Amino acid sequence: MIPRLEYVVEQENVDITSDGMKALVTLSTGDMRRALNILQSTAMAYGSVTEHNVYTCTGHPLKSDIANILDWMLNKDFTSAYKSIMELKTLKGLALHDILTEVHLFVHRVDFPPSVRIHLLSKMADIEYRLASGTSEKIQLGSLIAAFQVTRDIIVAEA
């Protein structure tokens with residue numbers, strides 16, 4: 001996929017960075033048509049294709065946004081975390097489903113104890129199911145924050 005994208009970039013004289021290419025491949029999940037659509041949209045909207053521009057153009061949360069969200073959920077009290085995440089969601093137009101997808105990847109990368117990982121994945125699956133059923137994003141965001149705060153408490157208790 002990458003060689004073909006590089007060919008298109010060269011033929012169309014698109015200004016692209018290596019992190020922009022990586023973001024294209026990541027967000028397209030192996031779908032060449034989607035990658036080309038994202039490439040075209042980003043190039044037309046911003047002139048250059050960088051990681052930040054790709055994520056912004058697609059409305060997908062940046063890695064730095066996810067890092068902030070995780071930091072707030074694990075280190076702030078419930079009310080502060082909720083307000084901070086809602087402000088970020090509103091400011092950047094993020095969907096909770098997209099945030100949940102990125103947080104899910106994080107849970108698999110971090111070395112949580114098995115019981116903690118199972119707890120988080122189970123809670124996140126429930127939240128995703130409820131979102132798909134049409135429930136309020138605000139209520140489900142509260143559930144997500146609560147799940148991470150319970151996780152924090154479990155880890156502290158086991159330490």
Side-chain angles (χ1 to χ4, degrees), residues 1-2 17-39 41-42 45-46 49-159:
M1 183 172 166
I2 292 174
T17 62
S18 60
D19 64 338
M21 179 65 79
K22 186 175 178 183
L24 265 176
V25 172
T26 300
L27 292 180
S28 65
T29 60
D31 183 342
M32 188 65 172
R33 287 184 303 168
R34 185 166 187 204
L36 292 172
N37 286 334
I38 294 170
L39 174 65
S41 299
T42 306
Y46 297 99
V49 180
T50 63
E51 180 183 41
H52 180 269
N53 292 347
V54 169
Y55 277 88
T56 303
C57 186
T58 58
H60 213 285
L62 294 163
K63 291 176 185 174
S64 59
D65 295 335
I66 297 301
N68 287 335
I69 289 169
L70 288 164
D71 179 53
W72 296 331
M73 289 192 298
L74 289 170
N75 298 315
K76 285 189 171 185
D77 64 282
F78 181 90
T79 305
S80 299
Y82 186 86
K83 285 181 182 175
S84 298
I85 295 170
M86 282 303 294
E87 285 175 12
L88 182 67
K89 278 181 69 232
T90 304
L91 178 69
K92 296 202 172 185
L94 302 176
L96 184 57
H97 185 269
D98 292 335
I99 293 170
L100 198 58
T101 300
E102 292 298 316
V103 169
H104 182 264
L105 295 173
F106 166 82
V107 169
H108 282 291
R109 284 193 304 258
V110 172
D111 189 27
F112 285 122
S115 62
V116 171
R117 178 173 285 140
I118 290 169
H119 167 78
L120 268 178
L121 291 175
S122 175
K123 293 297 183 186
M124 290 170 58
D126 291 342
I127 292 166
E128 188 170 16
Y129 173 77
R130 291 190 299 259
L131 281 172
S133 299
T135 58
S136 165
E137 277 203 9
K138 291 179 180 180
I139 294 171
Q140 298 315 310
L141 174 59
S143 294
L144 182 63
I145 295 168
F148 272 85
Q149 294 198 339
V150 166
T151 297
R152 175 186 64 198
D153 296 343
I154 292 171
I155 291 172
V156 168
E158 289 180 1

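Remember, it's a predicted structure, so these values are computed and weren't measured experimentally.
- Annotation: side chain of Leu27 is in contact with side chain of Tyr55 (closest heavy-atom distance under 4.5 Å).
- Heavy atoms from other residues, nucleotides or ligands lying under 6.0 Å from NZ of Lys92 number more than 12.
- Listed here is the closest heavy atom pair of Glu158 and Pro113: OE1-CG, 3.9 Å.
- Within the 4.5 Å cutoff, the side chain of Ile69 has no heavy atoms near those of the Phe148 side chain.
- Within 6.0 Å of NZ on Lys123 lie no more than 12 heavy atoms contributed by other residues, nucleotides or ligands.
- Between the OG1 atom in Thr56 and the CG atom in Leu62 there is a gap of 5.0 Å [rounded to 0.5 Å].
- Taking OG1 of Thr90 as the reference point, atom CD1 of Ile85 lies at 11.5 Å (rounded to 0.5 Å).
- For the pair Leu131 and Ile127, the minimum side-chain heavy-atom distance is below 4.5 Å.
- Here the side chain of Ser133 pairs no donor or acceptor atom with the backbone of Thr135 at under 3.5 angstrom.
- Looking at every heavy atom in both residues, Ser28 comes nearest to Val25 through OG-O, 3.2 Å.
- For the side chain to side chain contact (heavy atoms under 4.5 Å, CB included) with Ile99, the lone residue among Leu141, Asp65, Leu94 that qualifies is Leu94.
- The salt bridge (charged side-chain N to carboxylate O under 4.0 Å, His left out) test applied to Glu102 returns no partner, not counting sequence neighbours.
- Taking every heavy atom of both residues into account, Ser143 and Arg130 meet most closely at OG-NH2, 3.6 Å.
- Classification of the Phe78-Tyr82 ring pair by plane angle, with boundaries at 30° and 60°, yields parallel.
- Proximity of Met124 to Leu100: side-chain heavy atoms (C-beta onward) are separated by under 4.5 Å at one or more points.
- Separation of atoms CG (Asp71) and OG (Ser64) is listed at 12.5 Å; rounding is to 0.5 Å.
- The backbone N or O of Cys57 sits nowhere less than 3.5 Å from a side-chain atom of Thr42 that would complete a donor-acceptor pair.
- Taking CZ of Arg34 as the start and OG of Ser41 as the end, the distance is 11.0 Å to the nearest 0.5 Å.
- Side-chain contact between Gln149 and Arg152 is present, with heavy atoms from C-beta onward closer than 4.5 Å.
- With rounding to the nearest 0.5 Å, the separation of NZ in Lys89 from CG in Asp98 is 10.0 Å.
- Residue Leu105 qualifies as enclosed at atom CG: its count of foreign heavy atoms under 6.0 Å is above 12.
- Judged by distance alone, with hydrogens and angles left aside, the side-chain atoms of Asn53 form no donor-acceptor pair with the main-chain N or O of Val49 at under 3.5 Å.
- Annotation: side chain of Glu51 is not in contact with side chain of Lys22 (no heavy-atom distance under 4.5 Å).
- Side chains of Phe112 and Ile118 form no contact here, defined as non-hydrogen atoms less than 4.5 Å apart.
- Here the CG atom belonging to Asp19 is positioned 10.5 Å from the CG atom belonging to Leu24, to the nearest 0.5 angstrom.
- The shortest non-hydrogen separation linking Arg117 to Asp111 is NH2-CA, 4.1 Å.
- Listed by chain and residue number, nothing satisfies the salt bridge (charged side-chain N to carboxylate O under 4.0 Å, His left out) test with Glu128 (two or more places apart in sequence, or in another chain).
- The closest side-chain heavy-atom distance from His104 to Leu120 is not below 4.5 Å.
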